[in-house]
Amino acid sequence: MTAPTLPALPAPGVYTFDPVHTFIIFAARHVIVGMVRGRFGEVEGSVTIDRDPGACTVRVSIATASIETHNAQRDADLRGPDFFHADRFPTIRYEGRGVERSADGWVVNGELTIRDVTRPAPLEFKYNGVSNSPGRPDRVGFHGRASVKREDFGMARDLLVEIGARSDRPDVWIEIDAEALAVTESGDAQAIGSLR
């Protein structure tokens, strides 16, 4: 038996995230036995595909204040100075360059910046394929995963209450489902693609 062939990357070019079809969700430990889950509602970014995998790039920008966990009091707390401090640090950024094959797809060895603290954050992702519609830019899909320790970004309040004991293991898990649109010569990929 032969192993299944991993899907190729999209055709070389620049693809911009379609914001209404891109979702960033997270899960964080809560009092050891549970999880708090949430999302960021405002995200933009792009993926540049090159014939040389080492030259591929990923750029993601997230509005910190757009965090949502379905609880207004908790959301306000997370936007405050003990956690994301959204007034002072309005943007979360991810920058990656170069992709490598992994057992399940690809890996970008990028860096995540929260509260102006930058840490390595490998992003594992799968390329889901391309959708072609006449008269519209090509639409490609990705699913990505990363994990981090919140203490690494200066968010240590109640840490031991939440995770039980200090550990080198991650305590926050991030997933990205992104649809991205090929940038046309006129640069209107998002304006056209977001209509559907």
Give a yes or no on whether a salt bridge exists between [X] and [Y], defined as a side-chain N under 4.0 angstrom from a carboxylate O.
X      : Y      : answer
Asp177 : Lys126 : no
Glu179 : Arg139 : yes
Arg145 : Glu175 : no

TODO: Consider only side-chain heavy atoms of I, L, V, M, F, W and Y, link residues closer than 4.5 Å, and tell whether Ile176 and Val130 are in one cluster.
DONE: yes
Task: Connected via hydrophobic side-chain network under 4.5 Å: Ile174 and Val117 - done: yes
Between [X] and [Y], is there a donor-acceptor pair closer than 3.5 Å when you use the side chain of the first and the backbone of the second?
X      : Y      : value
Arg79  : Phe84  : no
Ser46  : Thr16  : no
Tyr94  : Gly110 : yes
Arg150 : Arg157 : yes
Ser102 : Gly105 : yes
Thr64  : Thr91  : yes
Arg115 : Pro81  : yes

In Å, rounded to the nearest 0.5 Å, how long is the span from [atom1] of [X] to [atom2] of [Y]?
X     : Y      : atom1 : atom2 : result
His30 : Asp171 : NE2   : CG    : 13.5 Å
Arg29 : Met35  : CZ    : CE    : 4.0 Å
Phe89 : Asp116 : CZ    : CG    : 5.0 Å
Ser66 : Arg39  : OG    : CZ    : 7.5 Å
Cys56 : Ile49  : SG    : CD1   : 4.5 Å

TODO: Take Ile24 and Ile62, measure what side chain to side chain contact (heavy atoms under 4.5 Å, CB included) needs, and give me the verdict at the end.
DONE: CA-CA 9 Å; Ile24 296 184; Ile62 301 166; 3.5 Å; yes
Task: Polar side chain donor-acceptor pair, Arg74 to Thr69, under 3.5 angstrom - done: yes
TODO: Could you go through the salt bridge (charged side-chain N to carboxylate O under 4.0 Å, His left out) check for Glu95 and Arg59 one step at a time?
DONE: CA-CA 5 Å; Glu95 301 276 349; Arg59 179 191 63 81; 5.5 Å; no
Task: Test of ring centre spacing under 6.0 Å for Phe26 and Phe40 - done: yes
- [ ] Determine the interplanar angle of the Phe142 and Tyr127 rings, folded into 0 to 90°, and report it as parallel if under 30°, tilted if 30 to 60°, perpendicular if over 60°.
- [x] tilted
